[in-house]
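These notes are about the structure you will find just below.
We count residues from 1, following the sequence as given.
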Amino acid sequence: MCEDDHSGIGRRAVFVTGAAAALTLGTVSFASAAGRDQQTTTVRGTLPTGSPDFVYVPVEVPAGVREIRVAYTYDRPAVPAGTPGNALDIGIFDERGTDLGGRGFRGWSGGARTEFFVRADDATPGYIPGPVRPGTWHIALGPYTVAPQGLSYEITITLTYGEPGETVRPVYPPSRAKGRGRAWYRGDCHLHSWYSDGRRTPAEIAALARAAGLDFINSSEHNTHSAHAHWADVAGDDLLILLGEEVTTRNGHVVAIGTDPGTFVDWRYRARDNRFGRFARQIRRAGGLVVPAHPHATCIGCNWKFGFGEADAVEVWNGPYTPDDEVALADWDGMLVAAERDGRDWIPAMGSSDSHRDPDAVGSPQTVVLADDLTREAIQEGIRAGRSYVAESSKVSLAFTASGGRGEHAGIGERLHVDPETPVTVRLEVTGAPRCTVRFVTDQGVLFTGAPLPVSGSGVVEWRTTASYAAYVRAELRHETAAGPLPGALAAFTNPVFLGRR
């Protein structure tokens, strides 16, 4: 049983909302505002182990409020080794309600901040400025993990009265930059600013993106679109800024890439609720791509459990290369085999930095996309088609092709239409990868491993095969590794070239 104590108001019972994974506490009301500039009240309560994913605290906001400010704390008792301690996220919904996918969302900071405010002309990063209209608002608590002792919290709510400021009309970055026509463009589609749990400003991220040789980036804050209106000043002819969100559910994270400005995607569901498809379709209706992020990450709630039926691509390399990424790469390779076997569409792979703060490197890794121009639509089309490779930095460049005996030719993400026994030459040209080893991976596994590239980092590697022997071929560049069975960390990898007529 969850209980709450509104100081000066008394104890009230909890009641359940329509969703089994949410609870709503008793309503917090304020006395008459007549003659007052400000009012404050405090709510205290305890959540037990096994609490619902979301707990709502209704707040009756009277007319004449200029600003609502919320601060909170919670206890962090010692726990046994291997047992999660307390972690409590927070956000707010306005008088339009808490319906899933509704219009009431006004901000989320997760566990990144201990207080926030909302008013017409400004809001804490992570929150949406706008009028504080009268009605029932809801503070949203997300008990991410609860210690065996329970989670005791205290919320202080302050209403400031007065004339509201003027709501500023948001300005968004343009959907195109000055491109080079059909060319390879480098981007990082998963990174965080101080508008969620990052520590960098948009200006700092844009400067780092330019320094990393990137042509485009994607705004992907956790569970909020509040950053969308803060990128216009740092975009430019040399840097395309796409707008999106990292939809951070309790059963995995998905990056929405290049949605319409101002698009909010809800995250309050698990795989068992069978609601992800609805929001994947919303992302696509808003012009975005659906990309499951770090699908085999081991942090609580990070492992992807929704399946890949709605995915436009999958992030298999997230930040510095780790064993999690190695598992994701192998899992994606298995999906390629299954797609080719069953005659289904295949899911391209991506890589992004997921950078949050120093020393996280923006653009490491980066996805390099063959697109018709540097526009939102062209970049998305290249990603969706799999015309891309992933590199650890802008120093690494690849050209990967397959050709048949009669001049047939195919590049990354394409199909070489040849008969099963027609000889096929696979060719990889590399720059910027000193001492790295080239591997060609097929539906049978690794069928070719070359000698290490010279210290110059440049080289050309060729391999001959047939469509009957290899249904597809993709290339990997790996760093040198100590003696042992494990391959070195990736320096780059490509999406596949498919062989055969299918």
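Distance alone, capped at 3.5 Å, places no donor-acceptor pair between the Y269 side chain and the L100 backbone.
Applying the ring-ring contact (aromatic ring centres under 6.0 Å, His included) test to pairs two or more places apart or on separate chains, none has a residue in residues 201-221. Applying the disulfide (SG to SG under 2.5 Å) definition to pairs two or more places apart or across chains, those involving residues 271-307 are C299-C302. Sorted by first then second residue, the disulfide (SG to SG under 2.5 Å) pairs that include residues 110-159, not counting sequence neighbours, number zero. Sequence neighbours left out, the pairs with a member in residues 317-327 that pass side chain to side chain donor-acceptor pair (under 3.5 Å) are E315-N318, N318-D354, Y321-E326, T322-D325, E326-R478. The list of salt bridge (Lys or Arg N to Asp or Glu O under 4.0 Å) pairs with a residue in residues 98-111, not counting sequence neighbours, reads D94-R106.
Residues satisfying the side-chain hydrogen bond (donor to acceptor under 3.5 Å, both in side chains) criterion with S352, sequence neighbours excluded, are absent altogether. Not counting sequence neighbours, R176 has no partner by the side-chain hydrogen bond (donor to acceptor under 3.5 Å, both in side chains) test. Every residue was checked against the ring pair (Phe, Tyr, Trp, His ring centres under 6.0 Å) condition with Y144, not counting sequence neighbours, and none meets it. For S175, the side-chain hydrogen bond (donor to acceptor under 3.5 Å, both in side chains) test picks out no residue, with sequence neighbours left out. Not counting sequence neighbours, R113 has no partner by the side-chain hydrogen bond (donor to acceptor under 3.5 Å, both in side chains) test.
Ion pair D53/R270 flagged as a salt bridge, since at least one NZ, NE, NH1 or NH2 atom sits closer than 4.0 Å to an Asp/Glu carboxylate oxygen.
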Under 3.5 Å, which donor-acceptor pairs do the side chains of residues 303-311 form with other protein atoms, sequence neighbours left out?
{"from": "N303", "atom 1": "ND2", "to": "P295", "atom 2": "O", "distance (Å)": "3.4"}
{"from": "W304", "atom 1": "NE1", "to": "G307", "atom 2": "O", "distance (Å)": "2.7"}
{"from": "E310", "atom 1": "OE1", "to": "R284", "atom 2": "NH2", "distance (Å)": "2.4"}

Using atom types as modelled, flag every donor-acceptor pair under 3.5 Å from a side chain in residues 487-494 to any protein atom, sequence neighbours excluded.
{"from": "T494", "atom 1": "OG1", "to": "A475", "atom 2": "N", "distance (Å)": "3.0"}

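The aromatic rings of W267 and W108 sit tilted, their planes meeting at an angle between 30° and 60°.
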